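Structure first, then comments.
Since the model is a prediction, treat every value here as computed from it, not as a measurement. Chain letters run A, B, ... following the sequence lines, proteins first and then strands; every chain starts at 1.
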Amino acid sequence: MAMEKTFNASEAEPRISAMWEEAGAFAAGANRSRDESFTIMIPPPNVTGALHVGHAFNNTLQDILIRWHRMRGFDTLWQPGQDHAGIATQMQVEKMLAATGQPTRAELGRQKFLEKVWEWKGQYGGTIVDQLKRLGCSCDWNRNAFTMAGAEGDPRVGHENSPNFHDAVIKVFVEMYEQGLIYRGKRLVNWDPHFETAISDLEVENIEVAGHMWHFKYPLAGGATYTYVETDEDGTVTLSEERDYISIATTRPETMLGDGAVAVHPDDARYAPIVGQLCEIPVGPKERRRLIPIITDEYPDMSFGSGAVKITGAHDFNDYEVAKRGGIPLYRLMDTKGAMRSDGAPYEEAATVALDVSKGLKELTISEADALNLVPEELRGLDRFEARKAVVEQITSEGLAVMVTESYEEEGETLTRRVPYVENKPIMQPFGDRSKVVIEPMLTDQWFVDAEKVVGPALEAVRSGEIKIMPESGEKTYYHWLENIEPWCISRQLWWGHQIPVWYDEDGAFYCAATEAEAIAQSGGKTLTRDPDVLDTWFSSGLWPIGTLGWPEDTEEMRRYFPTDVLITGFDILFFWVARMIMMQKAVVKESPFHTVYLHQLVRDEKGKKMSKTTGNVIDPLEIIDEFGADALRFTNAQMAALGGVLKLSKQKITGYRNFTTKLWNAARFAEMNEAVGSEGTVPEATAMVNKWIIGETAKLRETVDVALEAYRFNDAANALYAFVWGKVCDWYVEFSKPLLLDGDAATRAETQAVMAWVIDQCLVLLHPIMPFITEELWQTLGTREKILAHTDWPSYGSALVDPAADSEMNWVIGLIEEIRSVRAQMHVPAGLKVPVVVRNMSVEAQAAYEGNEALIKKLARMDALHSVTDFPKGTAALSVTGAEFGLPLADIIDVDAEKARLEKSLGKLAKDIGGMRGRLGNPKFVASAPEDVVEETRANLAEREEEEGLMKAALQRLADL
RNA sequence: GGGCGAUUAGCUCAGUGGUAGAGCACUUCGUUGACAUCGAAGGGGUCACAAGUUCGAACCUUGUAUCGCCCA
């Protein structure tokens with residue numbers, strides 16, 4: 001049965017996948033031969049997800065580690081699963097409903113809508129699993145988990161064997177609540193007006209956009225005036241005028257309606273005369289303008305704008321802090337959609353109450369202030385950006401905008417006019433990372449994790465080295481965030497998610513319990529209503545390491561596989577997920593969930609740009625697998641995985657590694673054609689130097705690969721394998737073996753077959769973690785095996801197999817062949833022509849090396865005979881080889897000028913090297929301070945180079961005689 | 001503004017103190033019995049710049065320039 005010339009990936013991959021699956025090859029503990037476990041938790045892709053290049057990269061690295069450990073006999077588990085992805089999934093299903101003409105979410109109601117989501121999940125939730133299988137991921141697919149498993153409505157499709165994740169989430173919430181780590185509060189949170197839910201700080205993207213800064217006058221109450229004085233650095237007065245207003249700059253005029261105060265810096269002399277007075281918000285019905293106090297606070301920056309800041313505690317995070325410090329009421333202006341409120345009492349009524357508050361006649365509770373709608377009737381119900389326009393217009397038309405003089409051209413003349421002072425300037429605006437709409441700081445009741453209370457052990461775990469974050473720069477980022485951590489808002493006003501286990505009675509008192517029955521019992525038998533909100537998706541994925549192993553039950557898996565070992569994930573979710581997992585596992589089971597975190601960058605296109613649909617530079621890993629095979633993509637991923645490096649994926653690179661699979665295939669094909677198959681796995685005995693040499697090289701490779709993988713240097717492992725297979729086995733060993741296999745005696749032939757078979761097998765074994773498909777296919781094609789390759793033992797041989805004599809002899813042979821080829825090419829000797837070689841002054845070692853390998857030297861250098869001479873004939877090109885003076889007698893063909901140029905060039909290079917080495921050795925300080933082996937090596941090197949130089953010089957001399 | 005990182009061959013990037021590397025691209029040659037998805041040979045680099053530490057610096061220190069990323 002002759003092998004095909006190339007590996008047919010599209011035919012073989014599904015077949016091999018099926019074989020692995022049937023064999024249960026990836027089950028937890030498969031091929032286990034020792035006690036240590038090795039566990040990786042997959043970063044659960046969104047259940048809505050489709051495989052993109054980032055997943056492909058990330059999962060390739062995980063699979064490499066998993067397969068490597070499984071082959072080494074560890075009790076290995078790669079835990080797969082999906083994340084329920086609250087917002088993303090709810091969005092996807094709503095889209096589907098709209099596209100298929102079904103009732104909307106609101107029309108369906110909560111229960112029916114959730115049924116639709118579960119249905120959708122059953123239908124499409126397995127997509128990513130199939131795609132990961134195509135990549136060759138050796139997860140224990142029977143254990144596939146889901147972060148919503150066991151929640152209400154779960155029909156258990158696609159994660160039938162996963163534990164009851166929901167119970168774990170609820171238990172943790174209740175426990176953390178009882179420990180005082182979770183609390184409910186009315187706080188300013190990031191509100192997404194599109195999804196009408198609170199989101200966490202991390203889900204907000206601050207993007208710089210073109211914005212405006214308006215300057216308005218807030219008139220002083222009762223027409224009061226003061227002298228406004230500006231001075232320069234020296235204290236010289238630069239401006240002094242009577243004012244009846246205070247000037248305020250704002251980028252958000254629509255929030256003026258909710259102002260509770262104007263703040264100035266306590267050191268700001270300009271406003272000292274009016275601190276404590278009231279001023280008027282210059283918007284709203286003229287007869288009912290609200291008055292607010294002018295207060296002092298450290299927050300305003302005296303050099304920014306006018307130095308005076310309006311304080312809208314309910315719509316700005318900085319103002320919120322000022323308002324809390326100053327006891328300023330928080331007036332909410334918008335509804336959940338980001339429109340101006342239209343609820344509550346008429347403006348006049350609300351404004352009257354607010355005025356009493358400003359005057360100190362009345363105090364409001366937070367809820368009372370929140371109930372007050374201070375939006376004037378004509379603005380109620382308007383979108384916030386419409387309201388902004390209306391407010392600006394109103395103020396300007398009333399003459400309360402700060403005016404500046406602007407010059408303009410008209411009919412060739414330069415004229416001036418007075419215009420409102422509006423600065424065009426870039427401002428940072430918050431956007432929802434999912435909805436892409438402007439986020440509104442909003443005062444709402446939410447649930448929070450008191451992050452400050454759980455952050456300590458998480459910080460300590462990394463500081464103490466219990467958890468190592470790679471690359472190290474990740475640790476700095478981690479510290480920086482955790483040291484400045486804010487409360488984590490975990491409630492979401494969504495339907496798809498873990499519903500918060502809290503029930504309220506009619507009086508608003510609440511009871512936190514795992515079940516409704518327990519809550520009722522707590523309440524003393526009252527009628528209760530459950531909190532409609534669900535938990536942030538990241539709250540549940542934060543429990544991934546234990547929830548997937550059956551916690552809170554005391555399971556066999558928990559005991560065997562927890563704590564897990566390595567987490568491989570993208571840099572972008574260090575805070576979202578990694579830090580929170582550490583915090584939560586520390587809080588719940590008092591252990592670090594893993595000992596190593598490997599963070600990688602985003603996978604980009606070949607130019608380093610982010611892949612995006614709009615740019616059109618998206619590479620679809622499934623198309624790549626179709627075209628080049630999964631192994632080529634995987635090898636490319638491994639090869640580009642330099643720690644901390646930018647990941648640039650190009651089709652050209654993938655093509656190159658696809659070619660590498662072909663190269664490997666053909667080396668195996670050569671072995672098969674020469675019956676060099678059927679290795680027993682034990683290192684073969686060898687007598688021929690060639691065979692001893694390649695065995696030693698293989699041993700070095702195994703060490704290099706293990707050292708690289710141990711250090712998560714996937715690129716080093718991949719590059720070493722590539723260099724070995726292509727540069728050592730294919731370029732040299734296969735060629736060396738030909739004379740032995742074709743013309744050698746029976747014993748040599750048998751030995752070489754055995755060694756070749758072993759070497760190819762070792763290539764397959766060592767390459768398997770990176771390229772599982774082609775190696776498995778070849779493994780089973782080349783012999784009848786006891787075990788599949790995925791379960792074959794990883795070798796442990798090492799440098800003891802290196803034979804120094806074989807090593808130096810073969811390197812000498814390679815050097816000689818390369819030198820002959822080089823001279824031939826530069827002298828333009830026809831490629832097919834066999835040439836004689838002359839030699840003199842051959843050392844014993846050189847003679848032995850030559851004679852031991854004459855057949856293959858002759859073949860690979862295309863030489864016909866070696867003649868010993870006492871003097872080189874005229875027109876002989878000298879070879880730069882140690883241990884003997886070799887030459888190519890090319891009297892008829894030699895191009896004297898070309899040969900002179902060649903010699904001079906190599907002499908130039910030699911002179912540079914020799915100069916450097918002599919300089920160093922001539923420096924007594926070098927000899928005194930440098931390590932002995934460095935000095936020794938330099939001496940030996942120098943001697944060698946000097947010998948070469950002598951040969952070249954003599955050759956040049958001979959040319960001159962021609 | 002704060003933090004982190006990068007700058008090495010035409011391109012993409014390895015290289016943590018001891019002779020500057022790989023892949024691709026390029027040039028020349030090749031129907032050599034595994035492979036043209038191939039083989040052989042070759043050209044190509046003041047390691048961003050400046051100063052310092054050192055016997056010795058692409059590598060360590062400081063500064064400068066340029067470019068990224070994260071956070072405000």
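Considering only side-chain atoms of A:Tyr722, the nucleotide from B:rA34, B:rU32, B:rG23 that sits closest is B:rG23. If you check B:rA34, B:rA41, B:rG15 against the side chain of A:Arg713, the one that comes closest is B:rG15. Comparing B:rU37, B:rG33, B:rA41 by their nearest atom to the side chain of A:Thr6 picks out B:rU37. You'll find that the side chain of A:Gln652 is closest to B:rC24, out of B:rA34, B:rC24, B:rA14. When the nucleotides B:rG23, B:rA41, B:rC13 are ranked by their closest atom to the side chain of A:Lys648, B:rC13 comes out on top. The nucleotide whose nearest atom lies closest to any side-chain atom of A:Arg821 is, among B:rU37, B:rU12, B:rA41, B:rA41. Picking from B:rG30, B:rU32, B:rA34 the nucleotide with the shortest atom distance to the side chain of A:Ala831 gives B:rG30. Here the nucleotide nearest the side chain of A:Lys663, chosen from B:rA41, B:rG18, B:rC35, is B:rC35. Taking every side-chain heavy atom of A:Lys738 into account, B:rA34 is the closest of B:rA14, B:rA34, B:rU37.
For the pair A:Ser737 (side chain) and A:Val734 (backbone), a donor-acceptor distance under 3.5 Å is present. Using modelled atom types, one side-chain atom of A:Asp319 and one backbone atom of A:Thr312 make a donor-acceptor pair closer than 3.5 Å.
Between the P atoms of B:rU53 and B:rG44, the separation comes to 35 Å (whole Å). Comparing B:rU27 with B:rG10, their P atoms sit 16 Å apart, to the nearest whole Å. With both ends at atom C1', the span from B:rG15 to B:rU7 equals 15 Å, rounded to whole Å. For B:rG17 and B:rC70, the C1' atoms lie 32 Å apart once the distance is rounded to whole Å. Taking atom P in both B:rU64 and B:rA25, one finds a spacing of 42 Å when rounded to whole Å. Remark: the separation of the P atoms in B:rG63 and B:rG68 is 22 Å, to the nearest Å.
A:Arg945 comes within 4.0 angstrom of a nucleotide base, judged by non-hydrogen atoms across all strands. Residue A:Leu860 is classed as having no contact, given no heavy-atom separation below 4.0 Å to the nucleic acid. Heavy atoms of A:Lys912 sit nowhere under 4.0 angstrom from any nucleic acid atom. Note on A:Arg658: a base of the nucleic acid sits closer than 4.0 angstrom, heavy atoms only.
Remark: A:Asn8 CG to A:Glu13 CD distance equals 9.0 Å, nearest 0.5 Å. For the atom pair NE2 (A:His265) and CD (A:Glu298), the distance works out to 4.5 Å, reported to the nearest 0.5 Å.
A salt bridge between A:Lys700 and A:Asp807 is present, with a side-chain N of the basic residue lying under 4.0 Å from a carboxylate O of the acidic one. Under the 4.0 Å criterion applied to side-chain N and carboxylate O atoms, A:Glu819 and A:Arg824 are not assigned as salt-bridge partners. Remark: A:Glu936 engages A:Arg939 in a salt bridge, criterion side-chain N to carboxylate O under 4.0 Å. In this structure, A:Arg669 does not pair ionically with A:Glu4, as no charged nitrogen and carboxylate oxygen lie closer than 4.0 Å. Salt bridge annotation for A:Glu949-A:Arg945: absent, with no cationic side-chain nitrogen under 4.0 angstrom from a carboxylate oxygen.
No hydrogens or angles were tested; on distance alone, a donor-acceptor pair under 3.5 Å links the side chain of A:Glu735 to the base of B:rA34.
Partner assigned to B:rU7 is B:rA65, using Watson-Crick or G-U wobble distances below 3.5 angstrom. In this structure, B:rG52 and B:rC60 make a Watson-Crick or G-U wobble pair, each of the two defining distances being under 3.5 angstrom. Both distances falling under 3.5 Å, in either a Watson-Crick or a G-U wobble arrangement, occur for no nucleotide opposite B:rG45. Pair check for B:rU32 finds none; no Watson-Crick or G-U wobble contact set falls under 3.5 Å. The partner of B:rA25 is absent, by the rule that a Watson-Crick or G-U pair needs both atom distances under 3.5 Å. Across every strand in view, B:rA14 sits unpaired, with no contact that passes the Watson-Crick or G-U test at under 3.5 angstrom. The nucleotide B:rG1 finds its pairing partner in B:rC71, both defining distances of the Watson-Crick or G-U wobble pair being shorter than 3.5 Å.
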So which protein nitrogen or oxygen atoms get under 3.5 Å of nucleotides 67-72 of chain B's nitrogens or oxygens?
residue: B:rA72; atom: OP2; partner: A:Asn206; partner atom: ND2; Å: 3.0

Under 3.5 Å, which N/O atoms of the protein pair with N/O atoms of nucleotides 53-57 of chain B?
residue: B:rC55; atom: O2'; partner: A:Asn923; partner atom: ND2; Å: 2.6

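Between A:Phe7 atom CZ and B:rU37 atom P the separation is 18 Å, expressed in whole Å.
In terms of position along RNA chain B, the nucleotide closest to A:Leu647 lies nearer the 5' end than the nucleotide closest to the other residue of the pair A:Leu647 and A:Ala667. Judged by closest nucleotide on RNA chain B, A:Arg669 is the one of A:Arg669 and A:Gln826 placed further toward the 5' end.
With a 6.0 Å cutoff to the six-membered ring centre and a 45° limit on the axis angle, A:Arg658 does not count as a cation-pi contact of A:Phe628. A:Arg580 forms no cation-pi arrangement with A:Phe575, by the criterion of a distance under 6.0 Å to the ring centre and an angle within 45° of the ring axis.
Contact annotation: the side chain of A:Val53 never approaches that of A:Phe57 to less than 4.5 Å [non-hydrogen atoms, C-beta and beyond].
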